[in-house]
Amino acid sequence: MKQILLPFGADNADVAPISAATRFASRFDGQVTALFYPRLPDPVIVDPMSGGVVSYEGIDEEVAAQREQAEAQFLAAKQTLPADLGGRVSVELQRLSNWRQVGEESRVFDLTVVARATRSPHWQTLFEMALFEGGRPVMLTPEGWDKPFGDTVVVAWNRSTETARLIGQSLPILCSAKAVHIVELEGWYASGPDGKALQKYLAGHGIKAEQHKSEAPNGPGAKMVEISRDLGADLMLKGAYTQSRLTQLIFGGATRQILDQADIPVIFAH
């Protein structure tokens with residue numbers, strides 16, 4: 001986890017999770033790249049027979065205004081960090097021409113960090129762009145998270161490809177943890193190796209993990225949040241959208257519940 005991406009724009013610069021990103025980077029002697037994105041109007045489809053005209057006049061001025069606002073807010077937040085954390089952040093303001101490029105850029109970082117923030121109406125879109133377009137893990141933090149984390153890690157093991165991929169990408173995190181807990185929930189898993197097999201795999205990497213099993217009467221996501229609290233966890237690893245997004249939207253799902261309810265940072269991968 002040496003290279004961490006922290007995207008920010010005029011819509012979220014004041015709540016960007018700079019403290020969480022730098023604290024996590026410091027754990028691995030890494031660096032944070034804070035990357036400004038302009039949020040432009042969505043493309044408009046015009047009937048060519050209607051004579052309608054779409055004008056983007058003034059878009060450069062709009063981007064410049066967004067950049068100026070976001071830079072001022074972000075740098076103000078950076079100044080509140082301890083010097084050792086602030087020194088881990090580099091800010092890039094010209095690299096992106098559109099916020100939809102965030103997902104592409106995240107492909108060359110170990111981790112992208114996004115905050116769940118009520119004052120940022122687009123946090124979920126930003127999270128999903130990085131998750132689905134990047135191919136790398138994405139950390140979602142509660143708004144204002146400002147304390148160390150990563151010592152006690154819960155792995156939400158449902159035996160899925162997505163979760164297996166995340167574990168492979170997160171071995172440095174698991175190796176650095178003081179305690180690792182593998183949690184399986186009855187009825188919430190795909191076909192594949194069980195928690196005991198994962199425990200053996202991690203042991204081969206020098207990671208001692210405890211195994212837990214439980215029922216989930218109120219849904220697997222809510223139960224994972226509850227168990228994480230009971231174990232004193234400060235970080236969760238979770239494969240994201242192991243059901244289809246449509247199924248999650250209609251019937252709900254573990255990813256959706258954890259996105260909404262988690263009170264600790266969660267690292268997802270798809």
Side-chain angles (χ1 to χ4, degrees), residues 1-22 24-25 30-48 50 52-78 88-141 143 169 240-241 245-246 248-249 255 259 266-270:
M1 297 294 160
K2 293 284 190 178
Q3 298 293 328
I4 293 177
L5 176 62
L6 178 58
F8 73 98
D11 59 338
N12 78 340
D14 59 335
V15 291
I18 184 171
S19 179
T22 53
F24 207 60
Q31 297 293 319
V32 174
T33 298
L35 194 58
F36 165 76
Y37 60 79
R39 180 167 168 78
L40 305 179
D42 290 329
V44 178
I45 299 176
V46 177
D47 182 351
S50 70
V53 175
V54 177
S55 173
Y56 289 100
E57 184 178 353
I59 197 69
D60 291 341
E61 291 81 359
E62 169 64 22
V63 169
Q66 288 186 21
R67 183 182 296 114
E68 181 178 359
Q69 174 190 335
E71 180 184 15
Q73 292 178 328
F74 188 86
L75 292 180
K78 181 181 175 183
R88 295 186 180 276
V89 184
S90 62
V91 181
E92 296 195 24
L93 299 171
Q94 304 286 344
R95 187 158 154 184
L96 301 186
S97 60
N98 192 297
W99 80 317
R100 298 187 184 280
Q101 295 170 329
V102 167
E104 299 168 5
E105 287 293 328
S106 67
R107 296 169 191 167
V108 291
F109 288 87
D110 297 315
L111 182 72
T112 299
V113 184
V114 177
R116 181 184 66 223
T118 54
R119 288 182 289 155
S120 175
H122 309 294
W123 70 263
Q124 185 173 336
T125 303
L126 187 64
F127 167 79
E128 292 186 349
M129 281 194 298
L131 182 73
F132 291 112
E133 298 298 327
R136 298 294 187 96
V138 182
M139 178 190 293
L140 185 73
T141 70
E143 184 173 346
Q169 294 172 318
Y241 297 113
R245 292 172 74 193
L246 180 59
Q248 295 252 349
L249 286 170
T255 301
L259 283 174
V266 182
I267 298 180
F268 295 90
H270 181 70

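We use all heavy atoms of the structure for the numbers below, so side chains are in, but hydrogens, waters and symmetry mates are not. All values reported here derive from a predicted model rather than from experimental measurement.
- Within the model, atoms CG of L259 and CD of Q124 stand 6.0 Å from one another, a figure rounded to the nearest 0.5 Å.
- In this structure, the side chains of H122 and N12 stay at 4.5 Å or more apart for every pair of heavy atoms.
- Note that CG of L6 and NZ of K78 are 11.5 Å apart. Values are rounded to the nearest 0.5 Å.
- Taken to the nearest 0.5 Å, the CD atom of Q66 stands 7.5 Å off from the CG atom of D11.
- Summarising the geometry of V114 relative to P17, their closest heavy-atom pair is C-CG, 4.0 Å, with the distance given to 0.1 Å.
- Looking only at distances, no side-chain donor or acceptor of R107 sits under 3.5 Å from a matching main-chain atom of G135.
- Each of F8, Y37, F36 was scored for a ring-ring contact (aromatic ring centres under 6.0 Å, His included) with F74, with one residue passing: F8.
- Partners of F109 according to the ring pair (Phe, Tyr, Trp, His ring centres under 6.0 Å) rule, which considers only residues two or more places apart in sequence or in another chain, do not exist here.
- R95 places no side-chain N or O within 3.5 Å of a backbone atom of L35 that could act as its donor or acceptor partner.
- When all heavy atoms are compared, the tightest approach of G9 to A70 is C-CB, 3.7 Å.
- Minimum heavy-atom separation, G134 to S106: CA-OG, 3.2 Å.
- With hydrogens and angles disregarded, no donor-acceptor distance shorter than 3.5 Å links the side chain of Q3 to the backbone of V108.
- Counting heavy atoms from C-beta on, the side chains of F24 and V113 never come closer than 4.5 Å.
- Atom CG of residue L131 and atom CG of residue L140 lie 10.5 Å apart, to the nearest 0.5 angstrom.
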E133/R100 under salt bridge (charged side-chain N to carboxylate O under 4.0 Å, His left out): CA gap, chis, key distance, verdict: CA-CA 9 Å; E133 298 298 327; R100 298 187 184 280; over 6 Å; no
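- Counting non-hydrogen atoms of neighbouring residues, nucleotides and ligands closer than 6.0 angstrom, the CD atom of E68 reaches no more than 12 such neighbours.
- Listed here is the closest heavy atom pair of P137 and A269: CA-CB, 4.5 Å.
- For the atom pair CD (E105) and CG (L5), the distance works out to 7.5 Å, reported to the nearest 0.5 Å.
- In this structure, CH2 on W123 lies 6.5 Å from CZ on R116, to the nearest 0.5 angstrom.
- In this structure, the side chains of P7 and L126 come closer than 4.5 Å at one or more pairs of heavy atoms.
- In this structure, D110 contributes its side chain and K2 its backbone to a donor-acceptor pair below 3.5 Å.
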CA sep, side-chain torsions, deciding dist, call: R136, T112, side chain to side chain contact (heavy atoms under 4.5 Å, CB included): CA-CA 8 Å; R136 298 294 187 96; T112 299; 5.9 Å; no
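- Contact detail for L93 and R67: the closest heavy-atom pair is O-NE, 3.0 Å.
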Full working for side chain to side chain contact (heavy atoms under 4.5 Å, CB included) between E92 and T33: CA-CA 7 Å; E92 296 195 24; T33 298; 3.9 Å; yes
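- Partner of D14 under the side-chain hydrogen bond (donor to acceptor under 3.5 Å, both in side chains) criterion, chosen from Q69, Q73, R119: R119.
- Closest heavy-atom contact between V15 and S120: CG2-CB, 4.1 Å.
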